[in-house]
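In what follows, a structure is listed as structure tokens, so that the remarks can point back to it.
Fair warning: this is a prediction, and the values are worked out from it, not measured in the lab.
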Amino acid sequence: MWWLLWPAVAAVALLLAGTLLGRLLPRRHTALAGRHVLVTGGSSGIGRSLAVLCAKQGAHVTIVARDEARLEETKREIQAAVEGARVQCLSLDVAKDAAAVRDAIFRAEQELGPLYFVACCAGFALAQRCEEMPIATHRRLMEVNYFGVLNVLHAAVPGLKARREGRIAVVTSLGGVVGLWGFTGYCASKYALVGLSHTLLQELKPYGVGVTLCYPPDTDTPGFEQENRTKPEETRLICETAGLFPPEKVAQKLLDDVMAGTINSTVGTEGMLMTTVGLGMGPVGSAGQLAREVLLMPVFRLVVAFFHRSWDGIVRDCMRKRDESKKSE
């Protein structure tokens, strides 16, 4: 019956080998000094923090967003933090016009050189029951969160492939691996980004272009503050279980993972757990990652089942409170 143990033995061997290789071999870090980095959603939140970090590493930075005043404010912040930093602003809605996005990226490369790192951080969240959210809002979530990324990558990928080098970061969400009450439109758009990025990763791997997906939990940004103003109680209580993280921490982890060639970038224990279970068919970045997933998947799957049970309890409690309130009226 010893042969029944071979999967566990193989998994342990993979884990040990991955850990050993990770310690012995240098990580695939690439210097950003003198490279051109483009960050969408670069005027606030994770995008803003990431742009500052890249400039501190010597990168030439293009920040893209709609609000010109906030772009200029971010530009001044970068130049104050990094003497001599080369920064340019592009006031642009990346979700609306693919041709305009392509033209803007062409102009950006004319100014600061060919792109090396493209970070797609633009997006927004809105929570509401599926049938209560207008179809136009569902469509806008998909336009901004999905097509706002696709338009940028559609314009940038040919140059990265031609130069056979580069990095892409796509900020999705933990809502891109698990459905959350009230987030039908948002989760759908973030799930779409995971499919896009995993497929693009396969297409770009032979050209030496890496793709990293960022799965941030709730992050303390202006967008999150705006989102909370109309967030239903069920959604708020479910999301609070994962905690709130500063954008600087998320951006630093993302940049480290991008430059190390890591596929999935998470912050916090719940992020690692949820992406491990939710991305069971996802690409494997290392032997260590594979071994961890093989060994821990049964335990993680059990923990996630308890998450769902807790979330269902929150929804039932909120429903009961509303029903009691209606009766008292």
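Interatomic distance, CZ of Phe183 versus CD1 of Ile238, reported as 9.5 Å (0.5 Å rounding). Ile135 contributes atom CD1, which lies 16.0 Å from atom CZ of Arg140 (distance to the nearest 0.5 angstrom). Taking OG of Ser197 as the reference point, atom CD of Gln202 lies at 12.0 Å (rounded to 0.5 Å). Here the SG atom belonging to Cys318 is positioned 7.0 Å from the CD1 atom belonging to Ile314, to the nearest 0.5 angstrom. A distance of 10.5 Å separates OG1 of Thr137 from CD of Glu143, quoted to the nearest 0.5 Å. To the nearest 0.5 Å, the span separating OG on Ser265 from NZ on Lys253 amounts to 4.5 Å.
Residues Leu53 and Ala251 share a closest heavy-atom pair of CD1-C, 3.7 Å. In this structure, Glu132 and Gln128 approach most closely via the heavy-atom pair O-NE2, 3.3 Å. Scanning both residues, Leu126 and Leu141, for their nearest heavy atoms gives N-CD2, 4.2 Å. Across every non-hydrogen atom of Asn145 and Gly123, the tightest pair is OD1-CA, 3.1 Å. Residues Pro298 and Leu295 come closest through the heavy atom pair CD-O, 3.8 Å. Here the closest heavy-atom approach between residue Val171 and residue Cys121 is recorded as CG2-SG, 3.8 Å.
By the 30° and 60° cut-offs, the orientation of the rings of His308 relative to Trp311 is perpendicular.
Residue-environment remark: CZ (Arg86) exceeds the threshold of 12 foreign heavy atoms within 6.0 Å. For CZ of Arg301, the number of neighbouring non-hydrogen atoms (other residues, nucleotides, ligands) closer than 6.0 Å is 12 at most. Residue Arg129 places its CZ atom among more than 12 non-hydrogen atoms of other residues, nucleotides or ligands, all under 6.0 Å distant. Glu83 CD: 12 or fewer foreign heavy atoms inside a 6.0 Å radius.
No side-chain heavy atom of Val250 sits less than 4.5 Å from a side-chain heavy atom of Ser49. Contact check for Val194 versus Leu279: side-chain heavy atoms found under the 4.5 Å cut-off. Between Asp218 and Phe245 the shortest side-chain heavy-atom distance does not fall below 4.5 Å. With contacts defined as side-chain heavy-atom distances shorter than 4.5 Å, the pair Tyr146/Leu193 qualifies. At a threshold of 4.5 Å between non-hydrogen side-chain atoms, the residues Leu71 and Asp67 do not count as touching. Residues Glu227 and Phe124 fail the side-chain proximity criterion, which asks for heavy atoms closer than 4.5 Å. With contacts defined as side-chain heavy-atom distances shorter than 4.5 Å, the pair Ser43/Glu72 does not qualify. Residues Thr276 and Leu296 form no side-chain contact, since every pair of their non-hydrogen atoms from C-beta on lies 4.5 Å or further apart.
Hydrophobic clustering (ILVMFWY, side-chain heavy atoms < 4.5 Å, transitive): Val101 and Leu153 are in one cluster. Hydrophobic clustering, with ILVMFWY side chains joined whenever heavy atoms are under 4.5 angstrom apart, keeps Val61 apart from Leu90. A single hydrophobic cluster is seen to contain both Leu213 and Leu180, as judged by linkage of ILVMFWY side chains at heavy-atom distances under 4.5 Å, directly or through other members. Note on Met274: it clusters hydrophobically with Met297, by side-chain heavy-atom contacts below 4.5 Å among ILVMFWY residues. Leu32 and Val82 fall into different hydrophobic clusters, where Ile, Leu, Val, Met, Phe, Trp and Tyr are joined by side-chain heavy atoms under 4.5 Å apart, directly or via other members.
Judged purely by atom type and a 3.5 angstrom limit, Thr266 has no side-chain atom pairing as donor or acceptor with the backbone of Tyr215. In terms of modelled atom types and a separation under 3.5 Å, the side chain of Ser310 and the main chain of Phe306 share no donor-acceptor contact. Using modelled atom types, one side-chain atom of Tyr191 and one backbone atom of Val177 make a donor-acceptor pair closer than 3.5 Å. Formation of a donor-acceptor pair under 3.5 Å by the Arg164 side chain with backbone atoms of Tyr207 is not found in this model. Thr184 places no side-chain N or O within 3.5 Å of a backbone atom of Gly182 that could act as its donor or acceptor partner. For the pair Glu109 (side chain) and Leu115 (backbone), a donor-acceptor distance under 3.5 Å is present. With hydrogens and angles ignored, the 3.5 Å screen pairs no side-chain donor or acceptor of Asn151 with any backbone N or O of Asp97. A donor-acceptor distance shorter than 3.5 angstrom exists from the side chain of His138 to the backbone of Cys130, with no hydrogens or angles considered. For Thr199 (side chain) and Gly195 (main-chain N/O), a donor-acceptor pair under 3.5 Å exists by modelled atom type.
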Trace of the salt bridge (charged side-chain N to carboxylate O under 4.0 Å, His left out) decision for Arg322 with Glu234:
CA-CA 11 Å; Arg322 280 197 301 272; Glu234 291 92 334; 2.5 Å; yes
Assess the residue pair Leu204 and Val157 against the criterion (side-chain contact (heavy atoms from CB on, under 4.5 Å)); give the C-alpha distance rounded to whole Å, side-chain angles, the decisive distance to 0.1 Å, and a yes or no.
CA-CA 9 Å; Leu204 296 181; Val157 160; 3.8 Å; yes
Could you walk me through whether Gln289 and Asn264 pass the side-chain contact (heavy atoms from CB on, under 4.5 Å) check?
CA-CA 10 Å; Gln289 175 197 341; Asn264 299 318; 4.1 Å; yes
Where do Lys231 and Phe224 land on the side-chain contact (heavy atoms from CB on, under 4.5 Å) test, with the steps shown first?
CA-CA 10 Å; Lys231 186 179 286 182; Phe224 178 71; 3.7 Å; yes
Output, in order, the C-alpha distance, side-chain angles, deciding distance and verdict of side-chain contact (heavy atoms from CB on, under 4.5 Å) for Val118 and Val152.
CA-CA 9 Å; Val118 179; Val152 172; 3.8 Å; yes
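Tested against Arg35 for a side chain to side chain donor-acceptor pair (under 3.5 Å), the candidates Glu165, Gln57, His60 yield a single pass: Glu165.
One side chain, His154 or Arg102, offers a donor N or O that lies under 3.5 Å from an acceptor on the other. With hydrogens and angles left out, the side-chain atoms of Gln88 and Thr62 include a donor and acceptor closer than 3.5 Å.
Lys321 has no carboxylate O lying under 4.0 Å from a charged side-chain N of Asp317, or vice versa, which leaves the two without a salt bridge. A salt bridge links Arg236 with Glu240: at least one charged nitrogen is closer than 4.0 Å to a carboxylate oxygen. Between Arg48 and Glu77 there is a salt bridge, since at least one side-chain N of the basic residue sits less than 4.0 Å from a carboxylate O of the acidic one. Contact check on Glu111 versus Arg107 returns no salt bridge, with no Lys/Arg side-chain nitrogen under 4.0 Å from an Asp/Glu carboxylate oxygen.
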